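Beneath this line is the structure, given in structure tokens, with notes to follow.
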Amino acid sequence: MRLLESNLLLCGLLMMSVSATAAGEAPVKTPGRYLFPSDYMADPSAHVFDGKIYIYPSHDWDSPVNDADGNHFDMKDYHVFSIDGDFLTGNVVDHGVIFSVDDVPWASRQLWAADAACKDGKYYHYFTARDKEGVFRIGVAVADSPVGPFKVHPLPIAGTYSIDPAVYEENGEYFIYFGGLGGGQLQKYRDNVYDADADLPAKNEPSLPPRVARLADDMVTLAEDPKPVMILDAAGNPLAEGDKHRFYEASWLHKYNGKYYFSYSTGNSHTLSYAIGDSPYGPFTYSGEILTPVVGWTTHHSVLEHDGKWWLVCHDSQPSGGLSRLRSMKVFPLSYRADGTIVTIDGGK
């Protein structure tokens, strides 16, 4: 009975969102703020640790590598940033390189999107890199401070794969989400096993979902096998591969008014979308777009609350003149309607 009531509520939220769009409600136009325009930082994962904002991005540079399978996203190291104050006016501090690809024993190249978590005074930096065989894995580094120094664990996290780790904590339990299509290789996995012959489903078939698993108490291993994160339409069916709002990459989970919001990038349809559910495991019902297309191929984001206000931290390629491999961190205020749906932000493209 509770499940039925929940599904009806989620369908109602979706219908109200669609009704608002049909009534002509335009995305909100706001300039936002570029957080570190003097260098190219992407995929910003923002957190509040001990009341202060910290951001864990990837680090773009003007690599000459061609763009097949995302190879031009050729990042070599990670930085960490903090903000002295709030997002819109606070001074942004670059704490420098926390580690590079040379510090990762199992990695060959491409330090892609990362995230961070804190437990019992330790800080964990979850990151993506290609191993020596060119397969993307997820690793972890540990520090006693949000800004490091970080010590890289000698092996990737067993049971994880693909890209874009994001960690959500609730009541002392930590959940790691991951997966990305295309160059992120998620389409090569079935039932958590790599299959070189696997590929994307047909347009009318269910799309490939991201994955979630609970982390073990040590924060460097999984407590369970990864599970699919199902994203459904209003009728309760998985979004099809041909749906422009199906999952592509960039998982993020946050909670608002007792509901779980799973947000993600749609990749080649260039939006940030979100779905709402009643559990960190899902299922989640598609509920709208957070951000319309930005300058550049796509974006990657985090959502968080700070000092009673909600924020979307993301990136675009406007400062580089539209070069997708050179992206810059940006923040927008985020707002909700009375029904719990998110007011769509105009990405500026």
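As the structure is a prediction and not an experimental result, all values here were calculated from the model.
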Problem - Linked, directly or transitively: Y54 and V92 (ILVMFWY side chains, under 4.5 Å) - result: no
Practice task
Without swapping roles, check the side chain of D67 against the backbone of G70 for a donor-acceptor pair under 3.5 Å.
Solution key: no
Exercise for the section: Please report the C-alpha distance between Q187 and E241 in whole Å, then the side-chain angles of each, then the deciding distance to 0.1 Å, and finally whether the side-chain contact (heavy atoms from CB on, under 4.5 Å) criterion is met. Expected result: CA-CA 11 Å; Q187 69 274 12; E241 172 59 24; over 6 Å; no
Handout entry: Minimum heavy-atom distance K132-P105, with the two atoms named
Key = CE-O, 3.4 Å
Problem - Derivation and outcome, side-chain contact (heavy atoms from CB on, under 4.5 Å), residues Q110 and N71 - result: CA-CA 8 Å; Q110 289 183 287; N71 287 326; 3.7 Å; yes
Problem - Steps toward side-chain contact (heavy atoms from CB on, under 4.5 Å) verdict (C314, V294) - result: CA-CA 10 Å; C314 55; V294 301; 5.7 Å; no
Handout entry: E249 (side chain) donor-acceptor with G267 (main chain) under 3.5 angstrom
Key = no
Handout entry: N257 side chain reached by Y336 side chain, heavy atoms, under 4.5 Å
Key = no
Problem - Considering all heavy atoms, the nearest S263-V303 contact - result: OG-CG2, 4.4 Å
Problem - Check ion pair R327-D316 (N to O, under 4.0 angstrom) - result: no
Handout entry: D164 to A250 - nearest heavy-atom pair and separation
Key = OD2-N, 2.9 Å
Exercise for the section: Please check if L253 and L304 belong to a single hydrophobic cluster, counting links between Ile, Leu, Val, Met, Phe, Trp and Tyr side chain heavy atoms closer than 4.5 Å. Expected result: no
Problem - Derivation of the side-chain contact (heavy atoms from CB on, under 4.5 Å) call for V147 and Y123 - result: CA-CA 9 Å; V147 298; Y123 296 85; over 6 Å; no
Handout entry: Contact check, side chains of P210 and Y264, non-hydrogen atoms, under 4.5 Å
Key = no
Practice task
Name the orientation class of the two ring planes belonging to W310 and H254 (parallel below 30°, tilted from 30 to 60°, perpendicular beyond 60°).
Solution key: tilted
Problem - Test item: L35 and M41 side chains (from C-beta on) under 4.5 Å apart, heavy atoms - result: no
Exercise for the section: Count the heavy atoms belonging to other residues, nucleotides or ligands that lie under 6.0 Å from NZ of K151, then report whether that count exceeds 12. Expected result: no
Completion exercise
Scanning both residues in full, the closest heavy-atom pair of V167 with I176 reads CG2-CG1, 4.1 Å
Problem - Option from W112, F178, Y161 for which side chain to side chain contact (heavy atoms under 4.5 Å, CB included) with I138 holds - result: F178
Exercise for the section: Would you check if the distance from the ring center of Y248 to the ring center of W297 is below 6.0 Å? Expected result: yes
Problem - Distance-minimising heavy-atom pair for H245 and L239 - result: O-CD1, 3.3 Å
Handout entry: More than 12 heavy atoms of other groups within 6.0 Å of K52 NZ
Key = yes
Practice task
Assert yes or no for the condition that the ring centre distance of F127 to F99 is strictly below 6.0 Å.
Solution key: yes
Problem - Neighbour count >12 (heavy atoms, 6.0 Å) for atom NZ, K255 - result: yes
Completion exercise
In short, D86 meets R33 closest at the heavy-atom pair O-NH1, 4.1 Å
Exercise for the section: May I ask you to test the M219-V140 pair for a side-chain heavy-atom distance under 4.5 Å? Expected result: no
Exercise for the section: For the pair D195 (side chain) and D197 (backbone), establish whether a donor and an acceptor sit closer than 3.5 Å, ignoring hydrogens and angles. Expected result: yes
Practice task
Verify the cluster assignment for W106 and V135: are they in a single hydrophobic cluster under the rule of side-chain heavy atoms below 4.5 Å apart?
Solution key: no
Practice task
Answer yes or no: is there a donor N or O on one side and an acceptor on the other, between the side chain of T128 and the main chain of A113, under 3.5 Å?
Solution key: yes
Exercise for the section: Flag the pair T285 / I276 as yes when at least one side-chain heavy-atom distance between them is below 4.5 Å, and no otherwise. Expected result: no
Exercise for the section: Tell me whether L272 is reachable from V313 by hopping between hydrophobic residues (I, L, V, M, F, W, Y) whose side-chain heavy atoms are closer than 4.5 Å. Expected result: no
Handout entry: Over 12 non-hydrogen atoms of neighbours within 6.0 angstrom of CG in D50
Key = no
Problem - With sequence neighbours excluded, residues passing ring-ring contact (aromatic ring centres under 6.0 Å, His included) with F36 - result: F81
Problem - Polar contact flag, side-chain donor to acceptor under 3.5 angstrom, D39-H59 - result: yes
Handout entry: Within one Ile-Leu-Val-Met-Phe-Trp-Tyr cluster: L326 and M329, side-chain cutoff 4.5 Å
Key = no
Handout entry: Other residues, nucleotides, ligands: >12 heavy atoms within 6.0 Å of N268 CG
Key = yes
Handout entry: Exam field: side chain R337 to backbone I342, donor-acceptor pair closer than 3.5 Å
Key = yes
Exercise for the section: For atom CG of D191, decide whether the heavy atoms of other residues, nucleotides or ligands shown that lie under 6.0 angstrom number more than 12. Expected result: no
Fill in the blank from the handout: Rounded to the nearest 0.5 angstrom, the NE2-NE2 distance for H301 and H315 is 11.0 Å
Problem - E224 side chain vs R214 backbone, donor-acceptor pair below 3.5 Å - result: yes
Practice task
Please find out if less than 6.0 Å separates the ring center of Y126 from that of Y56.
Solution key: no
Exercise for the section: Taking the side chain as every heavy atom from C-beta outward, state whether D115 and W252 have any pair of such atoms under 4.5 Å apart. Expected result: yes
Exercise for the section: Look at the side chain of S162 and the backbone N and O of G180, then say whether any donor-acceptor pair between them is shorter than 3.5 Å. Expected result: yes
Practice task
Would you confirm whether S58, through its side chain, and A42, through its main-chain N or O, come within 3.5 Å as a donor-acceptor pair?
Solution key: yes
Handout entry: 4.5 Å side-chain heavy-atom contact, E169 and H47
Key = no
Handout entry: Gap separating the OG atom of S100 from the NE2 atom of H79, nearest 0.5 angstrom
Key = 10.0 Å
Practice task
Report yes or no: do T271 and T266 form a side-chain donor-acceptor pair below 3.5 Å?
Solution key: yes
Exercise for the section: Please tell me if the side chains of L208 and P201 come closer than 4.5 Å, counting only heavy atoms from C-beta onward. Expected result: yes
Practice task
Could you tell me whether the side chain of R211 and the main chain of P209 form a donor-acceptor pair under 3.5 Å?
Solution key: yes
Exercise for the section: Report the relative orientation of the aromatic rings in Y194 and Y189; use parallel for angles under 30°, tilted for 30 to 60°, perpendicular for over 60°. Expected result: perpendicular
Handout entry: Pairing residues for D103 by the salt bridge (charged side-chain N to carboxylate O under 4.0 Å, His left out) criterion, not counting sequence neighbours
Key = none
Handout entry: Heavy-atom donor-acceptor pair, T344 side chain to E289 backbone, under 3.5 Å
Key = yes
